[in-house]
Chemist: 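The following block contains the structure, expressed as C-alpha cells.
Just so we're on the same page: letters track the sequence lines, and every chain starts at 1.
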Protein chains: 4
Amino acid sequence: MINSAKTGSFPDKRTQILEATVIVLAAKGFEATKIAEIAREAGIGKGTVYEYFSSKEDLFEQAIQHATKMHAQMLTNALEAGENLEDSLERALMASLVFCETSRPTAQVLLNNPVGRGGASLGDWLLGFRRQMVDMIAKTIRRHRGPDFPRDPEIAANVFLGALNNLSLAQILDDGTTRIRSLKATTKEAVAIILEGLGREA
Amino acid sequence: MINSAKTGSFPDKRTQILEATVIVLAAKGFEATKIAEIAREAGIGKGTVYEYFSSKEDLFEQAIQHATKMHAQMLTNALEAGENLEDSLERALMASLVFCETSRPTAQVLLNNPVGRGGASLGDWLLGFRRQMVDMIAKTIRRHRGPDFPRDPEIAANVFLGALNNLSLAQILDDGTTRIRSLKATTKEAVAIILEGLGREA
Amino acid sequence: MINSAKTGSFPDKRTQILEATVIVLAAKGFEATKIAEIAREAGIGKGTVYEYFSSKEDLFEQAIQHATKMHAQMLTNALEAGENLEDSLERALMASLVFCETSRPTAQVLLNNPVGRGGASLGDWLLGFRRQMVDMIAKTIRRHRGPDFPRDPEIAANVFLGALNNLSLAQILDDGTTRIRSLKATTKEAVAIILEGLGREA
Amino acid sequence: MINSAKTGSFPDKRTQILEATVIVLAAKGFEATKIAEIAREAGIGKGTVYEYFSSKEDLFEQAIQHATKMHAQMLTNALEAGENLEDSLERALMASLVFCETSRPTAQVLLNNPVGRGGASLGDWLLGFRRQMVDMIAKTIRRHRGPDFPRDPEIAANVFLGALNNLSLAQILDDGTTRIRSLKATTKEAVAIILEGLGREA
DNA sequence: TATGAATGAGAGTTCATTCAT
DNA sequence: CATGAATGAACTCTCATTCAT
C-alpha cells in the first residue's frame with residue numbers, strides 16, 4: 001500500500017467512522033443509534049470501531065466534539081472575517097444557515113443540544129465550549145464597537161447566539177416546503193433586527 | 001373517602017409518575033433513564049408505571065408534552081399579560097428565567113431540545129408546538145406594533161425565542177456560581193438589546 | 001338471596017370459573033391463558049378466582065380434571081349402555097363426536113393432550129386416568145366377548161381409544177367445511193372397520 | 001479450516017439449538033421452557049439463540065416442525081417400504097414405537113399435540129401436515145388394496161393413525177416398568193387387530 | 001365475600017463488547 | 001489490522017398474586 005490512510009488528508013478510517021456516527025445520530029437520535037449501524041454506514045466491521053474508539057461513549061463524545069468544532073470553526077472564521085459588526089454577524093448567521101443545508105446531519109446533531117447526554121465529561125466539555133463561543137462573540141462585538149459599547153457584551157452575545165441557534169433550528173426543521181425567504185434575505189432581516197432592534201415605541 | 005385523589009389538587013398517581021419522570025430525565029438524561037429508577041423516584045412499584053402508561057416511549061412522550069405545555073402556558077400568560085411590547089417580552093423572559101430556577105428539572109428537559117428523540121409522533125408534536133410558540137410571539141408583536149411594523153414578525157419572533165432559550169439555557173448551565181447580574185437585570189438588559197438593537201455604526 | 005349459589009344445582013361460582021377456564025384455554029392455548037381473562041370470561045373480579053383456587057396451577061389442574069371427568073363419564077355411560085360390543089363402541093364413538101360439537105371448548109382442551117403440562121401431580125393424575133379408560137374399554141370388550149376373546153384386550157382397547165381420539169380430533173380440526181359424512185355414518189364406518197378389520201388379503 | 005462446521009454431518013449450531021429445544025420441551029413442557037435453559041442445554045450463551053431464531057415463538061415453531069418432519073419422514077419411509085398392507089402398517093407402527101424409544105424427547109413433544117399452541121401459523125402448518133399424513137396412509141391403503149377396497153380409506157387411515165398415536169403415547173408414558181410384551185409383539189398384535197378386526201358376533 | 005390497584009419476580013430480548021480467526 | 005459470531009449484563013415489560021377496601 002503506497003498511500004497509507006494515515007498520511008493523506010482524505011478521510012482516514014477514524015474520520016470515516018466519526019462521520020458515519022454523525023449521520024446515524026442525525027437519522028435515528030441518540031438512543032436508537034447502535035454501533036452495528038454505524039459500522040454498516042461506515043462500511044466496516046463492528047469490531048473495527050473498537051480499534052479506533054475505546055467505547056460507545058468515547059465514540060459519541062468524539063463525534064459530538066468533532067461536529068461542534070466544525071461548526072465553531074466556521075462561526076469563528078465568519079466572525080473574524082467581518083469588517084464591521086454587521087458584516088461579522090451576517091457572515092456568521094449566513095454561514096450557520098448554509099451549514100444547515102450542506103451539513104444537515106451534523107447540524108441536526110448539534111442542534112439537539114447534546115448537553116447533558118453522555119458522560120459528565122462531555123457535558124463539561126460542551127459547557128466550556130459554549131462559554132468560549134459566547135466569549136468569542138462578545139469579543140467580536142467589543143472589537144467592532146470598542147470599550148464604550150453601552151450594552152453588556154455578554155448578554156448581547158447570548159442574544160445573538162440564541163437567535164442564530166433558533167433560526168438554524170428553524171432552517172433544519174422546516175422541510176424546505178415552507179421557506180419563503182432566501183437564506184440571504186433571512187440573514188439580512190435577522191441581523192437588521194439585532195442591530196436596529198424592534199423599536200421602543202408603539 | 002372524602003377527599004378523592006382525583007378531586008384534590010394534590011398530585012394523583014399519574015401526575016406523580018410524570019413528575020418523577022421529568023426529575024430523573026433531568027438528572028440522568030434520556031439514555032440513562034430507566035423505568036426502575038422512575039418508579040423508585042415516584043415511590044411506587046415498577047409494574048405500577050405500566051398501569052398508567054403503555055410503554056416507556058409513551059411515558060417519555062407524555063412527560064415531555066407535559067413539561068412543554070407547562071412552559072408554553074407560562075410564556076403565553078406572560079406575553080398576554082404585557083401592556084406593551086417591552087412589558088410582554090420582559091415578562092416572558094423573566095418568567096422563563098424564573099421557571100429555570102423554580103422548575104429546574106422541567107427546564108432542563110425542555111432545553112435538551114428533545115426534537116427528534118422518541119417516536120416520530122413526538123417529533124411531529126414538538127415541531128407543531130414550536131410553530132405555535134413562534135406564531136404566538138409574532139402575534140404579540142403585531143398586536144402591540146400594528147400592521148405597519150417594518151420588520152418581519154416571524155423572524156423577529158425567532159430572534160426573541162432564540163434569545164429566550166439561550167439565556168434560559170445559560171441560566172440552567174451556570175451553576176449559580178458565576179451569575180453576576182440578577183434575573184431582573186439580565187432580563188432588562190436583554191430586552192433592551194432586542195428593542196433598541198446593538199446599533200448600526202461603529 | 002333466597003337460592004344460594006352453593007345450594008342449587010345450577011352452576012355455582014366455582015363451576016362458573018372452571019367453565020370459563022376451559023373456554024379461554026380452548027381459545028388461547030395454555031401459555032396465552034391469563035387469570036385476568038378467565039375472570040373477565042367468568043364475569044367476576046380477578047381476586048375472586050383466588051377465593052376458590054389456590055393458584056393458577058391449581059385452577060388449571062382442576063379445570064382439566066373437570067373436563068377429563070366429563071368426557072370419561074360420557075364414555076363410561078356409552079360403553080355400559082351398549083347391549084353388545086358393536087353397540088358399545090358405536091355409542092362411545094358417537095358420543096365422543098357429538099361431545100366435540102356440543103362441548104367444543106372442553107373437547108379442544110382434552111385433545112390437546114395436556115399430559116406433561118402443569119405440575120407433575122396433574123401428569124400423574126392424567127396418566128392414571130388414561131389407564132382407567134383403557135381398562136374400562138378392555139373390560140367392556142371382555143364383558144361382551146368373554147374370556148376366550150382371542151385378541152389382547154388391552155391392545156384392542158388402545159386401538160379403539162386411539163381411533164376415537166383421532167376421529168374426535170379430526171372432528172374438532174375440520175372447521176365443518178369439509179365434512180362429507182354425517183356423524184352417524186362416520187361412526188358406523190369406523191366401528192365397522194374396527195370390528196371387521198381392513199382384511200388380510202389384497 | 002479443513003472440516004467446516006457447515007460441511008460436516010455433525011450438527012451445526014442451528015441444529016444444536018433445535019435439538020436442545022426439543023429436549024427441554026420434552027422435559028419441562030411448553031410453559032416451563034425458558035430460553036435460558038435451552039441455551040444452557042445447548043451449551044451456548046442466551047444471546048446466541050437469537051442469532052439463529054428471531055424469537056422464542058419462532059424457535060418453538062421451527063423445533064416442532066423439525067420434530068414433526070422427522071417423525072413423518074420415518075412413517076413415510078416405512079409405509080412406502082411395505083410390500084403389502086400388513087407389512088406397511090407393521091413397519092410404520094414398529095418404526096413409531098422404536099422412535100419413541102430412540103428419540104424419546106422428540107416423540108414426547110410430538111405426542112403433546114402442539115396443535116393450537118404457538119401462533120396461528122404453526123397451528124395451520126400442523127393442521128395441513130396432519131392432513132398430509134392421513135392422505136398418505138389412505139393412499140397406501142389404496143395402493144395395496146386397489147379401488148375396490150370396500151371401506152372408506154380416509155376413515156381407515158384415521159383409525160390406523162389414531163391407533164399408532166395412542167400406542168406410541170402408551171409407549172412413552174409407560175416408564176418401561178409395566179411393559180409385558182415386546183415392541184414386535186405389540187406391533188404384530190395391533191396390526192392383526194386392525195386387519196382382522198375384533199369380530200362381529202359375540 | 002368480592003374486588004382490582006399495586007406489586008416485583010422473572011421472562012424475553014437487545015446490543016455493547018470481546019476475541020479467535 | 002479487521003472481522004463478526006458469540007456472549008451475558010441489563011433492560012423493558014408481563015402477569016400471578018396479594019391485600020386494603
Chemist: Specify the separation, in whole Å, of atom CZ of D:F60 and atom P of E:dG12.
Modeler: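 So the CZ-P distance, D:F60 to E:dG12, works out to 8 Å.
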Chemist: F:dA16, E:dG12, F:dA6: which one has an atom nearest the side-chain heavy atoms of D:Y50?
Modeler: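 Taking heavy atoms from C-beta onward, the closest nucleotide is E:dG12.
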Chemist: Check whether any side-chain heavy atom of D:L18 lies under 4.5 Å from a side-chain heavy atom of D:L59, and answer yes or no.
Modeler: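 D:L18 reaches D:L59 side chain to side chain.
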Chemist: Give me the atom names and distance for the closest heavy-atom approach of C:L110 to C:A67.
Modeler: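 Where C:L110 meets C:A67 most closely, the heavy atoms are CD1-O, 3.7 Å.
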Chemist: D:A42 and D:Q16: which non-hydrogen atoms are nearest, and at how many Å?
Modeler: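 Nearest heavy atoms, D:A42 then D:Q16: O-NE2, 2.9 Å.
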Chemist: Specify the residue among C:T33 and D:G43 whose closest nucleotide of DNA chain F lies further upstream toward the 5′ end.
Modeler: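 Of the two residues, D:G43 wins.
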Chemist: Kindly determine whether B:T15 and B:D12 satisfy side-chain hydrogen bond (donor to acceptor under 3.5 Å, both in side chains), including the steps that lead there.
Modeler: CA-CA 6 Å; B:T15 308; B:D12 62 358; 2.7 Å; yes
Chemist: Could you go step by step and tell me if A:F60 and A:T33 meet the side-chain contact (heavy atoms from CB on, under 4.5 Å) rule?
Modeler: CA-CA 10 Å; A:F60 276 24; A:T33 294; 3.8 Å; yes
Chemist: Rounded to whole Å, how long is the line connecting atom NZ of D:K13 with atom C1' of F:dG4?
Modeler: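 Value for this atom pair: 12 Å.
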Chemist: Whole Å only: how far is the CD atom of A:E37 from the C1' atom of E:dT14?
Modeler: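 A:E37 atom CD is separated from E:dT14 atom C1' by 14 Å.
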Chemist: Does C:W125 reach the side chain of C:T68, with side-chain heavy atoms less than 4.5 Å apart?
Modeler: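 Yes. Closest side-chain heavy atoms under 4.5 Å.
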Chemist: What's the closest nucleotide to the side chain of C:T48 if the choices are F:dT7, F:dA9, E:dT3?
Modeler: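 When the side chain of C:T48 is considered, E:dT3 is the closest of F:dT7, F:dA9, E:dT3.
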Chemist: From CG of B:L59 over to C1' of F:dC11, roughly how many Å is that when rounded to an integer?
Modeler: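 These atoms are roughly 15 Å apart.
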Chemist: Could you check how far CD of A:E57 sits from C1' of E:dT17, rounded to whole Å?
Modeler: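 The distance from CD of A:E57 to C1' of E:dT17 comes to 14 Å, rounded to the nearest Å.
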Chemist: What integer distance in Å separates D:I17:CD1 from F:dA6:P?
Modeler: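 Rounded to the whole Å, the gap is 8 Å.
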Chemist: Using a cut-off of strictly less than 4.0 Å, decide whether B:K46 has a side-chain nitrogen or oxygen near OP1 or OP2 of E:dA6.
Modeler: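 Answer no for this pair, as no side-chain N or O of B:K46 is under 4.0 Å from OP1 or OP2.
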Chemist: Look at A:K34 and E:dT14 and indicate whether a side-chain polar atom (N or O) is within less than 4.0 Å of OP1 or OP2.
Modeler: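 For A:K34, the contact criterion (side-chain N or O under 4.0 Å from OP1 or OP2 of E:dT14) is not met.
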Chemist: Round to a whole Å and report the spacing from CD of A:E31 to C1' of E:dC15.
Modeler: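 Answer to the nearest Å: 15 Å.
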Chemist: Any heavy-atom pair between the side chains of C:H66 and C:T21 that's under 4.5 Å?
Modeler: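 A side-chain contact under 4.5 Å is absent here.
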Chemist: Pick the nucleotide of DNA chain E nearest each of A:S55 and C:I44; which residue has the one closer to the 5' end?
Modeler: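 Result: C:I44.
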Chemist: Side chain of C:I35 only, please: which of E:dT7, F:dT17, E:dT1 is the nearest?
Modeler: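 So the nucleotide nearest the side chain must be F:dT17.
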Chemist: Using heavy atoms to find the nearest nucleotide of DNA chain E for A:K56 and C:V49 separately, return the residue whose nucleotide is more 5′.
Modeler: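 The answer here is C:V49.
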Chemist: Hey, which of these two, A:G45 or B:S54, hits DNA chain F nearer its 5' end, going by closest nucleotide?
Modeler: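 Whichever sits nearer the 5' end wins; that is A:G45.
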Chemist: How long is the line joining CD of C:E51 and P of F:dC19, in whole Å?
Modeler: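 Going from CD in C:E51 over to P in F:dC19 covers 13 Å.
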Chemist: Take the C1' atoms of the five end pairs on each side of the helix from E:dA2-F:dT21 to E:dT21-F:dA2, get both axes, and report the angle to 10 degrees.
Modeler: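 What I find for the helix from E:dA2-F:dT21 to E:dT21-F:dA2 is an axis angle of 0°.
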Chemist: For B:L122 and B:Q65, run side-chain contact (heavy atoms from CB on, under 4.5 Å): C-alpha distance rounded to whole Å, both residues' side-chain angles, the deciding distance at 0.1 Å, then the answer.
Modeler: CA-CA 8 Å; B:L122 177 57; B:Q65 291 188 358; 4.1 Å; yes
Chemist: Using only side-chain N and O atoms of C:Y52, determine if any of them is under 4.0 Å from OP1 or OP2 of E:dA2.
Modeler: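 Yes.
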